[in-house]
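These numbers come from a predicted model, not from an experiment.
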Amino acid sequence: MFVWYHDDAARTAAVSYTATMYPDPNDRPAVHYLHSTLPYWAEVQGQFLIQYDMMGVRNAKRRVINVPGVRIMDGDGRALPAGVVTGNLCSTSVCLGNDARTGAMGGSLEEQTRLAFRNARSVIEAAGFSSADLGHLYVWYTDQAARDTVDKVWAEVFPRPEDRPPRHSLVTDLPPGALGGVEATAAR
């Protein structure tokens, strides 16, 4: 679920609304909070402060997936899961570039990007999916200048162009110390 918010007050409200909609932390979808000046047209400027984008799978119950040591952008696994499985679909939260064994963030964007891919893959695998099931990825980073580094790691993670899933790259604010993150969707 994407939650687009207008400002800090709207983000605080969105987090509160998410907790109201999904009161059981063990039954929440993967959530991504994104800053955006909503909406984009002048006639309604300032009237919308929060927008929810949700996706569901018919007749399927969510199963929460958390992997020890995997750090996510918007929580710690108690408030939001590292991933969820709904039917034949697995979605991760934005997995950050920390070493899951030590907890330490990677020392560079390149290292954090590798670790973020590893962490997203570990969530997918803990859910019973494989890298071959990846259908789409988002790569998150803080500066458009990082694109070359992200592309380099992308080519290492997916060395065969014909086997690469589609991806979107997003420039956004990340938690302190985080330079990049990876969100994945897998299906079978």
Side-chain angles (χ1 to χ4, degrees), residues 1-5 11 13-36 38 50-98 100 113-141 150 153-154 157-170 172 174-175 178 180-188:
M1 172 171 76
F2 284 100
V3 182
W4 304 88
Y5 63 90
R11 186 185 196 288
V15 170
S16 176
Y17 295 151
T18 300
T20 300
M21 286 190 296
Y22 301 99
D24 181 355
N26 296 312
D27 190 33
R28 289 186 181 148
V31 179
H32 310 292
Y33 295 99
L34 300 161
H35 177 261
S36 178
L38 297 168
I50 302 170
Q51 174 182 320
Y52 283 86
D53 292 338
M54 299 179 190
M55 176 176 49
V57 177
R58 187 176 180 189
N59 296 324
K61 173 133 176 64
R62 218 176 12 260
R63 179 171 53 98
V64 169
I65 305 296
N66 283 307
V67 175
V70 170
R71 184 173 163 204
I72 62 171
M73 183 166 92
D74 289 309
D76 59 7
R78 291 185 299 264
L80 297 173
V84 294
V85 174
T86 311
N88 64 349
L89 185 69
C90 179
S91 301
T92 73
S93 288
V94 178
C95 298
L96 298 178
N98 70 296
T113 303
R114 276 191 195 93
L115 290 167
F117 275 113
R118 181 183 305 160
N119 288 339
R121 187 177 58 241
S122 71
V123 174
I124 293 290
E125 290 173 352
F129 292 75
S130 73
S131 293
D133 298 322
L134 288 170
H136 187 269
L137 289 109
Y138 284 96
V139 180
W140 303 66
Y141 46 88
V150 170
V153 176
W154 177 260
V157 173
F158 300 103
R160 294 172 32 119
E162 64 274 13
D163 287 337
R164 291 179 183 152
R167 95 169 188 221
H168 284 92
S169 299
L170 299 168
T172 189
L174 292 170
V182 173
E183 170 193 354
T185 301
R188 53 176 171 211

Can you tell me how far the CD atom of Glu125 sits from the CZ atom of Arg118, to the nearest 0.5 Å?
-> 11.5 Å
Does a side-chain heavy-atom distance below 4.5 Å link Val139 with Phe117?
-> yes
Who passes side-chain contact (heavy atoms from CB on, under 4.5 Å) against Val85, sequence neighbours left out?
-> Arg63, Ile65, Cys90, Ala127, Phe129
By side-chain contact (heavy atoms from CB on, under 4.5 Å), Ser93 pairs with (sequence neighbours left out) Ala30, His32, Ile72
Going by atom type alone, with no hydrogens or angles, which donor-acceptor pairs under 3.5 Å involve a side-chain atom of residues 159-167 and a protein atom two or more places apart or on another chain?
residue	atom	partner	partner atom	Å
Arg160	NE	Glu162	OE2	3.4
Arg160	NE	Asp163	OD2	2.7
Arg160	NH2	Glu162	OE2	3.1
Arg160	NH2	Asp163	OD2	3.2
Arg164	NE	Phe158	O	2.6
Arg164	NH2	Phe158	O	3.1
Arg167	NE	Ser169	OG	3.1
Arg167	NH1	Asp151	OD1	3.3
Arg167	NH2	Asp151	OD1	2.4
Arg167	NH2	Ser169	OG	3.4

Apply side-chain contact (heavy atoms from CB on, under 4.5 Å) to Asn119 and Arg71, showing your working.
-> CA-CA 8 Å; Asn119 288 339; Arg71 184 173 163 204; over 6 Å; no
Taking only residues two or more places apart in sequence or in another chain, which ones pass side chain to side chain donor-acceptor pair (under 3.5 Å) with Asp24?
-> none
Any donor-acceptor pair under 3.5 Å linking the side chain of Asn66 with the backbone of Pro81?
-> no
Test item: Asn88 side-chain N/O and Arg188 main-chain N/O as donor-acceptor pair under 3.5 Å | yes
To the nearest 0.5 Å, atom OG1 of Thr185 lies from atom CG of Leu134 at 8.5 Å
Polar side-chain atom of Thr92 near backbone of Ala184 as donor-acceptor pair, under 3.5 Å = yes
Does Tyr141 reach the side chain of Thr113, with side-chain heavy atoms less than 4.5 Å apart?
-> no
Over all heavy atoms of both residues, which pair between Pro68 and Ala100 is shortest? Give the atoms and the distance, please.
-> O-CB, 4.1 Å
Can you name the residues that form a side chain to side chain donor-acceptor pair (under 3.5 Å) with Arg62, not counting sequence neighbours?
-> Asp27
Nearest non-hydrogen partners of Ile124 and Ser130, listed with the distance | CG2-O, 3.9 Å
